[in-house]
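Have a look at the structure below before the remarks.
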Amino acid sequence: MTSDPKSEAPKLMTQVTILLGFVALFWVVEIVDVFIFHGALDRFGIVPRHLIGLRGILFAPFLHGGFPHVKT
C-alpha cells in the first residue's frame, strides 16, 4: 500500500519540529550552564560506581562537555 505524499508532509514537519526543539534545548541548557552556572550542572552527569550517579541517566543527555561537543 502506498501512502499519499500530501498526508506525509504534516507528519514530517512535526518530526522535524520536535528534532529542532530538542537541539535548541541542548543549546539553551549548555548556554545556561556555561554563562550562569559556570559548568556546575555537569555534576548531574553520570558518575560511575556511585548510587547518586544514577540520576545522570536522566540528565546526561542534556549535559555536554562544552560548545564543541554540542556542535558535533
Side-chain angles (χ1 to χ4, degrees):
M1 181 192 300
T2 61
S3 60
D4 182 21
K6 290 181 182 178
S7 67
E8 293 293 321
K11 183 178 178 182
L12 177 64
M13 288 305 298
T14 301
Q15 294 168 344
V16 169
T17 302
I18 290 170
L19 177 64
L20 292 177
F22 272 108
V23 170
L25 180 63
F26 293 153
W27 276 96
V28 167
V29 168
E30 186 61 26
I31 289 168
V32 168
D33 182 34
V34 169
F35 293 109
I36 295 175
F37 295 111
H38 305 289
L41 293 180
D42 293 341
R43 70 176 188 210
F44 293 108
I46 298 171
V47 180
R49 294 185 291 274
H50 290 89
L51 185 59
I52 194 71
L54 292 177
R55 68 181 175 199
I57 293 171
L58 297 174
F59 299 119
F62 298 98
L63 302 174
H64 292 82
F67 290 112
H69 184 237
V70 176
K71 185 176 80 171
T72 56

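Each residue takes its place number in the sequence, starting with 1.
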Can I get a per-line list of side-chain donor-acceptor pairs under 3.5 Å for residues 21-43, giving both atom names and the distance, sequence neighbours left out?
unit_1 : atom_1 : unit_2 : atom_2 : d
D33    : OD1    : G39    : N      : 3.4
D33    : OD1    : A40    : N      : 3.3
D33    : OD1    : L41    : N      : 3.0

Practice task
Please tell me if the side chains of Q15 and L12 come closer than 4.5 Å, counting only heavy atoms from C-beta onward.
Solution key: yes
Exercise for the section: Output the distance between atom CG (L19) and atom OG1 (T14), rounded to the nearest 0.5 Å. Expected result: 12.5 Å
Completion exercise
By side chain to side chain contact (heavy atoms under 4.5 Å, CB included), I57 pairs with (sequence neighbours left out) L54
Problem - Connected-component partners of M13 among ILVMFWY, side-chain separation under 4.5 Å - result: none
